[in-house]
K.L.:
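Mind having a look at this structure? Questions to follow.
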Amino acid sequence: MSEPLEILLTNDDGIDSTGIRALHDALAEHANVTVVAPATDQSACGRSISHAVDVREHDLGYALEGTPADCVVAGLAELGPEPDLVVAGCNEGANLGEYVLGRSGTISAAVEAAFFDVPAIATSMYVPLDGTSLEEVDLEPADFAEATRVTSYLADHALEAGVFDHAAYLNVNVPLPDADPAPIEITRPSKRYEMDAERNGDAVHLTDRIWESMDPETIPDPEGTDRRAVAEGRISVSPLTAPHSTNHHDALEALAETYLETVATDD
């Protein structure tokens, strides 16, 4: 009999959120789970890192007064056993599109794990809001059934299947659960970006208008993108890489070659 999987679990909603508790309970049925998660909500903090953070024991594991990236570094380097896999989530709210990859604390935890050469899964759940804010939505553990089911499945099978030979981490987004399990679609992040800003006196209000067009009948995102898959009721799994790749660029090479000559002339 093989040894159970070792999983480091974190999130960005905070260690007391319903989503991380639901994911912990599901993963712990088949794996050894060590939780190192922020003590408070750290949504949209990206890969912010701290020099020192307070830590306290929690009934789930460890609560850090820091960011998801802090939690991954502390968990991998100090607080937990060496894991086979890092899991981040389940985030209350979707993380869809290229523009959120550097903004989301959930995804940033997975990226931080990639720099340790540890494969990771970031799981988020799309919650239709209908004009209300996410903070006003009261989610129960049962609402995370789709998220816990697919994350457990991927945790159990992705490593052995060789998925992480070609991807550093998986960005998983799920719809709210329905009567039957949703199918998985392998996707790419949508390229849409519709941030807007409006000044009102001494304040500038920032608005993400992408969420205003999630109607499955009219969503403009093309087939194969994460946003379309989730809007139409499928589970989106985007296999992604880290660190970011660089491309050879002839025009930039030409600028580099003339740099010294140009600045010497200017001086």
Side-chain angles (χ1 to χ4, degrees), residues 12 43-44 46-47 88-111 114 119-134 137 143-144 146-147 149-151 153-154 157-158 161-198 206-249:
D12 75 355
S43 297
R47 287 186 60 224
C90 178
N91 193 64
E92 299 177 10
N95 280 305
L96 298 165
E98 284 187 347
Y99 78 111
V100 306
L101 297 181
R103 179 188 298 175
S104 161
T106 304
I107 295 173
S108 294
V111 172
I121 299 172
T123 302
S124 306
M125 182 173 69
Y126 171 56
V127 182
L129 296 178
D130 298 325
T132 62
S133 68
L134 192 58
V137 179
D143 293 323
F144 293 90
E146 195 78 79
R149 179 166 48 234
V150 70
T151 306
Y153 173 79
L154 292 171
H157 299 287
V163 167
F164 295 106
D165 294 343
H166 307 283
Y169 68 100
L170 304 178
N171 184 29
V172 180
N173 283 273
V174 306
L176 285 169
D178 203 348
D180 298 316
I184 291 176
E185 180 179 346
I186 307 305
T187 60
R188 64 187 184 277
S190 171
K191 294 182 179 295
R192 283 180 59 212
Y193 182 75
E194 295 182 20
M195 291 296 300
D196 194 10
E198 181 179 354
L206 310 180
T207 305
D208 185 349
R209 300 201 179 279
I210 278 183
W211 301 104
E212 298 171 1
S213 55
M214 285 293 286
D215 183 343
E217 298 296 326
T218 60
I219 188 168
D221 302 77
E223 295 288 339
T225 59
D226 52 3
R227 292 181 56 80
R228 176 171 284 276
V230 171
E232 293 179 347
R234 298 181 295 279
I235 298 168
S236 166
V237 178
S238 295
L240 301 171
T241 60
H244 306 297
S245 60
T246 56
N247 296 319
H248 180 75
H249 199 295

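On a predicted model such as this, the values are computed, not experimentally measured, just so you know.
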K.L.:
Which pairs pass salt bridge (charged side-chain N to carboxylate O under 4.0 Å, His left out) with one or both residues in residues 220-230, sequence neighbours excluded?
P.N.:
Arg192-Asp221, Asp221-Arg227, Glu223-Arg228, Arg228-Glu232

K.L.:
Which residues pass the side chain to side chain contact (heavy atoms under 4.5 Å, CB included) test with Ala147, sequence neighbours left out?
P.N.:
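Checked Ala147 against side chain to side chain contact (heavy atoms under 4.5 Å, CB included); matches are Cys90, Thr123, Val174.
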
K.L.:
How many angstroms lie between atom CG of Asp12 and atom OG of Ser108, to the nearest 0.5 angstrom?
P.N.:
8.5 Å

K.L.:
Under the side chain to side chain contact (heavy atoms under 4.5 Å, CB included) test, which residues partner Ala197, sequence neighbours left out?
P.N.:
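If we apply the side chain to side chain contact (heavy atoms under 4.5 Å, CB included) test to Ala197, skipping adjacent residues, the hits are Val204, Leu206.
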
K.L.:
Sort and list the pairs that fulfil salt bridge (charged side-chain N to carboxylate O under 4.0 Å, His left out) and have at least one residue in residues 93-104, not counting sequence neighbours.
P.N.:
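Qualifying pairs: Glu98-Lys191.
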
K.L.:
Does the side chain of Glu146 come within less than 4.5 Å of Leu176's, by heavy atoms?
P.N.:
no

K.L.:
Find the distance between CD1 (Ile186) and CG (Leu170) and round it off to the nearest 0.5 Å.
P.N.:
8.0 Å

K.L.:
Indicate the atoms forming the closest heavy-atom contact of Ala114 with Ala168, along with that distance.
P.N.:
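Residues Ala114 and Ala168, closest heavy atoms: CB-CB, 3.9 Å.
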
K.L.:
How far apart are the closest heavy atoms of Ser104 and Ile107, and which atoms are they?
P.N.:
OG-N, 3.1 Å

K.L.:
Could you walk me through whether Asn173 and Tyr126 pass side-chain contact (heavy atoms from CB on, under 4.5 Å), step by step?
P.N.:
CA-CA 7 Å; Asn173 283 273; Tyr126 171 56; over 6 Å; no

K.L.:
Could you note down all residue pairs passing salt bridge (charged side-chain N to carboxylate O under 4.0 Å, His left out) where residues 171-184 supplies at least one of them, sequence neighbours left out?
P.N.:
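Every pair satisfying salt bridge (charged side-chain N to carboxylate O under 4.0 Å, His left out) with a residue in residues 171-184: there are none.
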
K.L.:
With a 4.5 Å heavy-atom cut-off, do Leu96 and Met214 have their side chains touching?
P.N.:
yes

K.L.:
Roughly how far, to the nearest 0.5 Å, is the OG1 atom of Thr106 from the CG atom of Leu101?
P.N.:
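Answer rounded to 0.5 Å: 12.0 Å.
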
K.L.:
Verify the neighbour count for atom NE2 of His157: are there more than 12 heavy atoms of other residues, nucleotides or ligands below 6.0 Å?
P.N.:
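Yes, the 6.0 Å shell around NE2 holds more than 12 heavy atoms from other groups.
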
K.L.:
Using the test side chain to side chain contact (heavy atoms under 4.5 Å, CB included), find all partners of Asp196 that sit at least two apart in sequence or belong to another chain.
P.N.:
Arg209

K.L.:
Looking only at non-hydrogen atoms, find the nearest pair between Gly233 and Pro183 and report the distance.
P.N.:
O-CD, 4.4 Å

K.L.:
Please identify which of these residues, Asn171, Thr187, Asn95, Thr225, meets the side-chain hydrogen bond (donor to acceptor under 3.5 Å, both in side chains) condition with Ser238.
P.N.:
Thr187

K.L.:
Can you tell me how far OH of Tyr99 sits from CD1 of Ile210, rounded to the nearest 0.5 angstrom?
P.N.:
4.0 Å

K.L.:
What's the separation between atom CE in Met125 and atom CG in Asn91, rounded to the nearest 0.5 Å?
P.N.:
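Interatomic distance, Met125 CE to Asn91 CG, rounded to 0.5 Å: 9.0 Å.
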
